[in-house]
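Each chain gets a letter, A, B and so on, in the order its sequence line appears, and its residues count up from 1.
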Amino acid sequence: MSASLAPECTEVKERYDNCFLKWYSEKFLRGTATTDECEPLFKQYEKCLSKALKDRGIDKMLTEARDDNRENDAEHMQPKR
Amino acid sequence: MKIFQQQAEYNYSWEEVSTSNWQKYGPWNEKTPHVIAVDTLSRTIDPQTRILRTERLITCKQSAPKWVNTLLGGHETSMVYETSYVDLKAKKVTMCSMNMTCADLINVRETCIYQPASSSPDARTLFQQRAEITALCGGWQKIKNSIEQFTVERFQQNAVRGKEGFEMVLERAREVFAEQRELLQLKQDSRILQQAGM
């Protein structure tokens, strides 16, 4: 797994990534995922990461990127059959 | 604006490719040392469509030549914002990314799609990539053209390395999966032997 841009978050990120990968291959791909059991780990990782993004001023750049990305969401969140 | 497009096939199932895609820039990939971090910003499943949406931030070490760096402001790292959509019913992974660094000078928008290959849908996966590159810096058209051209060439080089690197990840993932299955089988066998009192 890859590192986090914030070294202090890499450990919790790794635990989350491992959990997610197992969930993705064993539950999501088999169509049996009801909840995301990795959510608690994600919350921990997110807490660490969002502080790092704020400290580095990346949060503002992200707001702009998200704004620019709206079309992609509109296009790809719709199922195509 | 310049466009870069390519497609390739992987000799792995869509399930394997879509799983390994999450580890694409991990330590198993020796061809992308410029990717130094991959962070997940959010992850949700749409309650209606069941599409899995993931937002990630990819941090790269800048490796552009000096003339490009001078023109684009000389950042040490560059960041890419990516959203991906996994539609399990349609067996389709779509990844959209854009540059966050130098966004006022150059606009790079890329879409990559992984789908089962029509030649062998259960065993092979088709990868399609399309990128639109637009230099925005005011001034000479000639400079804009050079920046766009440089970026397209980078995409061409990375396409080859990217495939080689991803193949490494896919191969390793298959090995690890086989090892785990074998281990599980051994555990099961030993339990059966124990229960049989042998």
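For the pair Lys31(B) and Phe166(B), the cation-pi test (distance below 6.0 Å, angle within 45°) is failed. At least one cation-pi condition fails for Lys24(B) and Tyr114(B): the charged atom is not both under 6.0 angstrom from the six-membered ring centre and inside a 45 degree cone around its axis.
Most heavy-atom pairs under 4.5 Å with chain B: of the set Leu53(A), Asp73(A), Asp36(A), this distinction falls to Asp73(A). Ranked by non-hydrogen atom pairs under 4.5 Å with chain A, the options Leu88(B), Thr101(B), Thr111(B) are led by Leu88(B). Heavy-atom pairs under 4.5 Å with chain A peak, among Asn29(B), Val86(B), Asp46(B), at Val86(B). Comparing Gln23(B), Arg43(B), Arg53(B) by how many heavy-atom pairs each has under 4.5 Å with chain A, the most go to Arg43(B).
Using a 4.5 Å cut-off between heavy atoms, Ser18(B) contacts chain A through both its backbone and its side chain. Proximity to chain B is limited to the side chain of Tyr16(A), based on heavy atoms less than 4.5 angstrom apart. Met98(B) touches chain A through its side chain: at least one heavy atom from C-beta onward sits under 4.5 Å away, while N, CA, C and O do not. Residue Thr94(B) touches chain A through its side chain alone, counting heavy-atom pairs closer than 4.5 Å. Tyr85(B) touches chain A through its side chain: at least one heavy atom from C-beta onward sits under 4.5 Å away, while N, CA, C and O do not. At a 4.5 Å heavy-atom cutoff, Glu16(B) makes no contact with chain A through either its backbone or its side chain. Neither the backbone nor the side chain of Ile58(B) comes within less than 4.5 Å of any heavy atom of chain A. No part of Val35(B) comes within reach of chain A, as not one of its non-hydrogen atoms sits under 4.5 angstrom from that chain. Proximity to chain A (any heavy atom under 4.5 Å) is shown, for Arg50(B), by both the backbone and the side chain.
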Inset, instruction - Test side chain to side chain contact (heavy atoms under 4.5 Å, CB included) on Leu5(A) and Ile58(A) and set out the steps. - result: CA-CA 11 Å; Leu5(A) 69 92; Ile58(A) 302 170; 4.1 Å; yes
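Along residues 41-51 of chain A, the residues that come nearer than 4.5 angstrom to chain B, judged on non-hydrogen atoms, are Phe42(A), Tyr45(A), Glu46(A), Leu49(A) in order of number.
Residue Tyr10(B) is not grouped with residue Ile113(B) when hydrophobic side chains (ILVMFWY) are merged at heavy-atom distances under 4.5 angstrom, including chains of intermediate members.
Within the 4.5 Å cutoff, side-chain heavy atoms of Gln180(B) are placed close to those of Val176(B).
The two residues Phe4(B) and Ala159(B) make their nearest non-hydrogen contact at CZ-CB, 4.0 Å.
Looking only at atom types and distance, the side chain of Asp189(B) has a donor-acceptor partner in the side chain of Gln185(B) under 3.5 Å away. A side-chain donor-acceptor contact under 3.5 Å links Arg161(B) and Asn158(B).
The six-membered or imidazole ring of Phe28(A) lies near that of Trp23(A), with a centre-to-centre distance under 6.0 Å.
In Glu182(B), the CD atom is not crowded: 12 or fewer heavy atoms of neighbouring residues, nucleotides or ligands sit closer than 6.0 Å.
By the 4.0 Å N-to-carboxylate-O rule, Glu171(B) lies too far from Arg174(B) to be salt-bridged with it.
Applying the side-chain hydrogen bond (donor to acceptor under 3.5 Å, both in side chains) test between Ser4(A) and each of Thr59(B), Thr40(B), Asp39(B) identifies Asp39(B) as the sole match.
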